[in-house]
Each structure stands twice: as C-alpha cells, then as structure tokens.
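Notes to accompany the following structure.
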There are 2 protein chains.
Amino acid sequence: MAEYGIGSGDTEAITDGTGATQAAGTSASKSNRPRKPRDSLNKALIIDAALVIAERDGLEGLTFQALGNELGAHATSIYRHFRDKDEFLLEMLDTLRDRSYGDAIEPTGNWREDVRLLAGHIRAHYLRYAQFAQQMSVRSTHRPIEFTNLELTLAALDRAGLTPDEAVIYTRLLGNYIRSMSSFEAAVTCLEPELRAKDRMQMQFGAQALALDEFPHLVSAATSLLPLDDPRIFDIGLEAILDAIEALGASRRSN
Amino acid sequence: MAEYGIGSGDTEAITDGTGATQAAGTSASKSNRPRKPRDSLNKALIIDAALVIAERDGLEGLTFQALGNELGAHATSIYRHFRDKDEFLLEMLDTLRDRSYGDAIEPTGNWREDVRLLAGHIRAHYLRYAQFAQQMSVRSTHRPIEFTNLELTLAALDRAGLTPDEAVIYTRLLGNYIRSMSSFEAAVTCLEPELRAKDRMQMQFGAQALALDEFPHLVSAATSLLPLDDPRIFDIGLEAILDAIEALGASRRSN
DNA sequence: ACCTGAACACCGTTCAAGT
DNA sequence: ACCTGAACACCGTTCAAGT
C-alpha cells in the first residue's frame, strides 16, 4: 500500500530495512503544516509555482504533488482552481504567451522586416519555454495577440503585392513554418545533452565509415554535417519563403 | 488497494454496490489463462500487437497492461524483451520506418524531383503513423536508410550547383523542414475532431467580429482563413526552398 | 533477454469532511 | 471555483518464484 500525501519520495520509509527516516525538513510536508487560509491560493500563484518547478525539475517533475509541495498546500487543492491537468497546462501556456509578447510588434514600413520581427519573437518564445513548445505549436488558444499577429502578416503580404487568396495561403505557410520549426528546435534543445552528443558522433563516424564509391558526397561531408539545432537554419528557410513571396508579388504587379 | 493483473478495467468489481461482474469473456484475462510456452513471445510479435492497439485505442491506450492483454500474456513479460518502455517505443519507430521506406528512392536525373520524392515519402510516413510523429521527428535512430537519404540530398544539391558548404546547410534545412512540418501536420491530425472544428469556428467568428478599421485585412479574410493542416501548404514551402537553392546554384555557376 | 504473480512507487482524480 | 485527508484506478517497474 503506497502512502499518499507524502513529500515526493525524498524521505520515505522504504522497505529496505534501514528504518531510519529523517524528518522531512525541506518544506511544508503534509501533516504538520498549518491549514492554508481561505482564498490564499489562486491561478496566478499556482502557475508561478509551476514555472519554478518546470525550470528546476523539467516538465516531467511538474506533478500536482510537487505543485502542492511548492505552494505549501495539499496537492488536491489545485482542483478548486482548474478543472483538470490539461486545462491547467493550457492556461499556463496562455500566461507564458502573455509574458513573452505582451506588446504587439510595431510595423516598420518594410513588410519583410515586419515578418522577420514577428518570426523572431515567436521563435524566441518557443526556445525560452522549450519544454512546452510541442504543446504550444498545435493547441492555439485564441487570444487577442493572435489576431494582431494575423493582421500584421496579412497586411505585410498585401504590401508585398499578393492577392487576398495568395495572402491567406502564405499566411498559413508562414505561421506553420514559424511554429513547427521553432518547436522542432526547442524539442532538440530539450534532449539530454549526452544523448545529443552521442547522436552526432554516431552520425559523423557512421558517415565516415561508408563506402566512398556508394556515398561519395556523404563521406566527404561527414565531418561538416550540421547539428539538428543549428541556429542559422531557421532564418535561411524563412528568407527562402520571403523571397518566394516577393517574387510572386512582383509578378502580380507587372501584370 | 488496487487490484493488479486484471484486464484493463472492463470487468472489475467496482465499489458501486452492484456486485455483479460478468465473467471476463473477452480475451485471455489473467488467472485462467494457460501459461505461455517458452519463447512464444518476441520483439516482432510484441510490436505488431502494439500497432494494433495504437491504431485502435490511440497512443494513450498503449500500456503494458493492454499489450499483455492483446498478446494473451502477462504485462510484465515484455520486460524480458525490452529494457523499458522508452526502448520499446524507439524500436517500434524503427520497425515502422523500415516498413514505410524499405526501398530507397531511385534518382530520377532531376535534382528537384529527387528532393520532392524524398520529401513526399517522409511526409507520407509521418501522416500514416501520425500518433508517433512527434517522437519520430526528433529521435533519429541512425539506420542505413538515413545515410542513403542524406547522400541523395547532398548529390541533388551538388547537381543544383551548390558548394559543399552550402550543400550541408541546405541539407539540414530540408531535413528539418520536412520533419518538422510533417510532424506538425500529423499532430494537428491527431487532435480530436470536435476540438479542431471548435478552434476553427472560434478563429473565424472571432476574426469577423473585430473592428474593421483596426483589422482591415483580417476581417475581410476571416471566412477564407485556411485550417492548420491544409495539405497544400507543405509543397508550397518546399518549392520556395527549392527555388532558393536553384537561384543560389545558378549564381555560383555564373561566376 | 523465459513467463507469472505479487508488490511497490507514483500520478491524476474523486469525494466526504473540515474550516 | 475554499482547503484537506483518505481512497481509488491506473501505470511503469522490480523481484522472487514457477516452468
């Protein structure tokens, strides 16, 4: 029978025979904690605690137990403020978003520059909260800032000379490119460093060991292959898309 | 006290007072199952069962319990064949990969077409096993086919006229673009349909309701906004990158 | 790198009870 | 949309025991 409500496994009397359990002196650890005053908890407080935990212990350490510990409250008290863990995570993402780009981007008068600024903003946000990137990319919560960003993009593409139909398509492309590439980069960042190093080694050594006549290009490029999260890649792809937009807009104008 | 080793909750005597439990007639359900003969289990068999479960119940239904149920074996017998669940999932991804692109792509003589074919192959694989897409995109297991694909790409870019340094950069860009955009598209596909419909509605209605003078482009584009997983987007972005490569290669040649 | 059963640590969630 | 404690269903994992 597992015991519940105990601090996250640090000082439990495991069945190893030692029998000695140092009293959990770390933080508010269950029973001998005074009852929290009414209304002393709220969403903002809980989300702040969650961020501390996520940055210290990673996303997998972010459990309701740990949250209760961090707050000096019972794990289940969170259910008074969020319906379940999924809703909790979504609201957390929203809060993070507000903190990252609270103020909208000011149009510069140069449409390419506007898109670049927006892309940089979003990418920085994903890399900053890399642990949550995968969730962020897909689960869009429709906040005002999203509409502002969409308007900025559509306006930029209009100024580039695209038709409304084309603008809608390239807006989708830009949005997906920015989100998916940033999310990917963030996910790579989150991999354990040793694993990433090992992966690269295997790739380079594996490529070097190939038959030169079967893999001529790869063998000679083996040592110069780039890591998955090379930071230059994002902008190079973005410029390619911007070039395509510019060319398309120019062709529209010359007709 | 939870009872273990029981079929996944379908016929358990819950404490609801009814007391009536229909005998678990579904499949091999624990106690009254004859012991599996020695060596009757193996990796391939387990992975096949896992695929059945994942396609039927989704990724979150793929537990060791369910796996044992499907195999008519005890849940923990899987530990004899895989170190832990992570190793099991990785090997599963490898197997899927082998099934999807067992045979390499034959170069067509047209470098753009080669890259297109490769991209289409990989994207189709991600969409087919959409549940696993997020894991697949980042955790590369270095199988021979990866080297073959790299050689194909590097050769294509060489023929496009890029220098070796440039080829390495654009190889990385293409690889990341294909993986991250496909993974994104697959992730959207996996969202519950109602949720996706609701998201789109909120977006369209939200955009329509905005102030026309503050969001002129967005208001008029509101009803024509594209869904996140519009299938045309992938190729449009890919062509933009290919155009950039072609232009860069041409400029190298003219020097 | 055999298969099973019992047990354990942990995690999300519910519900009756305390303030 | 108050806070706590006990309980529950489930999930990955370990370990001693059976063949």
Side-chain angles (χ1 to χ4, degrees), chain A residues 1-17 28-46 50 53 57 59-69 71-89 91, chain B residues 1-17 28-46 50 53 57 59-69 71-89 91:
Chain A
M1 301 102 210
E3 292 176 71
Y4 292 85
I6 295 265
S8 56
D10 43 350
T11 58
E12 178 139 9
I14 321 211
T15 59
D16 64 358
S29 70
K30 193 193 153 187
S31 291
N32 42 348
R33 168 168 32 81
R35 192 186 184 91
K36 279 233 130 190
R38 208 180 166 87
D39 291 313
S40 58
L41 248 42
N42 57 58
K43 291 189 172 186
L45 225 56
I46 297 175
I53 295 171
D57 307 324
L59 189 57
E60 77 280 2
L62 183 53
T63 74
F64 277 10
Q65 283 288 0
L67 216 36
N69 252 326
L71 290 163
H74 194 100
T76 61
S77 60
I78 289 133
Y79 281 91
R80 213 35 61 170
H81 301 90
F82 301 95
R83 189 152 43 78
D84 55 21
K85 195 164 187 192
D86 192 60
E87 184 188 289
F88 163 67
L89 273 173
E91 292 211 33
Chain B
M1 302 100 211
E3 292 176 71
Y4 291 86
I6 295 266
S8 56
D10 44 350
T11 59
E12 179 139 8
I14 323 212
T15 60
D16 64 356
S29 71
K30 194 195 154 188
S31 292
N32 43 346
R33 168 170 30 82
R35 192 187 184 90
K36 278 234 132 191
R38 207 180 167 89
D39 292 311
S40 57
L41 248 44
N42 57 59
K43 291 189 172 185
L45 225 56
I46 297 174
I53 295 171
D57 308 324
L59 190 56
E60 76 280 2
L62 183 52
T63 73
F64 277 11
Q65 284 287 1
L67 216 35
N69 252 326
L71 290 161
H74 193 100
T76 61
S77 60
I78 290 133
Y79 282 90
R80 211 36 58 171
H81 302 90
F82 301 95
R83 189 152 42 80
D84 55 22
K85 194 164 189 191
D86 191 61
E87 185 189 289
F88 163 67
L89 274 173
E91 292 211 32

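What you see below is based on every heavy atom in this structure, not just the backbone, and it leaves out hydrogens, waters and symmetry mates. Convention: sequence-line order gives letters A, B, ...; per-chain numbering from 1.
Between A:T63 and the phosphate of C:dC10, there is no side-chain N or O to OP1/OP2 separation shorter than 4.0 Å. For A:R33, a side-chain nitrogen or oxygen approaches OP1 or OP2 of D:dT4 to under 4.0 Å. For C:dC3, neither phosphate oxygen OP1 nor OP2 lies less than 4.0 angstrom from any side-chain nitrogen or oxygen of B:K36. Not one side-chain nitrogen or oxygen of A:T76 sits closer than 4.0 Å to the OP1 or OP2 atom of D:dC3. Using a 4.0 Å cut-off, no side-chain N or O of B:H74 falls inside it from OP1 or OP2 of C:dC2. At the phosphate of C:dC3, OP1 or OP2 sits under 4.0 Å from a side-chain N or O atom of B:H81.
Atom CG of A:N42 is separated from atom C1' of D:dC3 by 14 Å (rounded to the nearest Å). Between A:L67 atom CG and D:dC3 atom P there is a gap of 13 Å when expressed in whole angstrom units. One interatomic measurement links the two molecules: CD of A:Q65 to P of D:dG5, which rounds to 12 Å at whole-angstrom precision. Atom CD1 in A:I78 sits about 14 Å away from atom P in D:dC2, given to the nearest Å. Atom CG in B:L62 sits about 17 Å away from atom P in D:dC10, given to the nearest Å. When the C1' atom of D:dT4 is taken as reference, atom CG of A:N69 falls 15 Å away, rounded to whole Å. Rounded to a whole Å, the CZ atom of A:R80 is 16 Å from the P atom of C:dG18. Nucleotide D:dC2 holds its C1' atom 12 Å from the CD1 atom of A:I46, rounded to whole Å.
Listed nucleotides D:dT4, D:dC11, D:dT13 differ in distance to B:D84; the shortest reach to its side chain belongs to D:dT13. Distance from the side chain of A:Y79 is smallest for C:dT13 among the nucleotides C:dG18, D:dT13, C:dT13. Set against D:dT13, D:dC3, D:dA1, the side chain of B:F64 has D:dT13 as its closest nucleotide. Closest to the side chain of B:L41, out of D:dG12, C:dC3, D:dT4, is C:dC3. Looking at the side chain of B:S77, the nearest of the listed nucleotides C:dC3, D:dT4, C:dA1 is C:dC3.
Distance check: A:L41 CG to A:H81 NE2 gives 5.0 Å after rounding to the nearest 0.5 Å.
With hydrogens and angles ignored, a donor-acceptor pair under 3.5 angstrom links the side chain of A:R35 to the base of D:dC3.
As rounded to the nearest Å, C:dA9 and D:dA9 have C1' atoms that lie 15 Å from one another.
When the nearest nucleotides of DNA chain D are assigned to A:R83 and B:A75 by heavy-atom distance, the more 5′-ward of the two goes with A:R83.
Looking at every heavy atom in both residues, A:L71 comes nearest to A:I46 through CD1-CG1, 3.9 Å. The minimum heavy-atom distance linking B:A75 with B:F64 is given by the pair CB-O, 3.5 Å. Shortest non-hydrogen contact noted between A:L45 and A:S40 is CD2-O, 3.3 Å.
Remark: side-chain polar atoms of A:D84 are paired, donor with acceptor, to backbone N or O of A:E87 under 3.5 angstrom.
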**Message:** Between B:D57 and B:L62, does the side-chain contact (heavy atoms from CB on, under 4.5 Å) criterion hold? Intermediate values first, please.
**Reply:** CA-CA 7 Å; B:D57 308 324; B:L62 183 52; over 6 Å; no

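Nucleotide D:dT13 is matched to C:dA7 when pairs are restricted to Watson-Crick or G-U wobble geometry with both distances under 3.5 angstrom.
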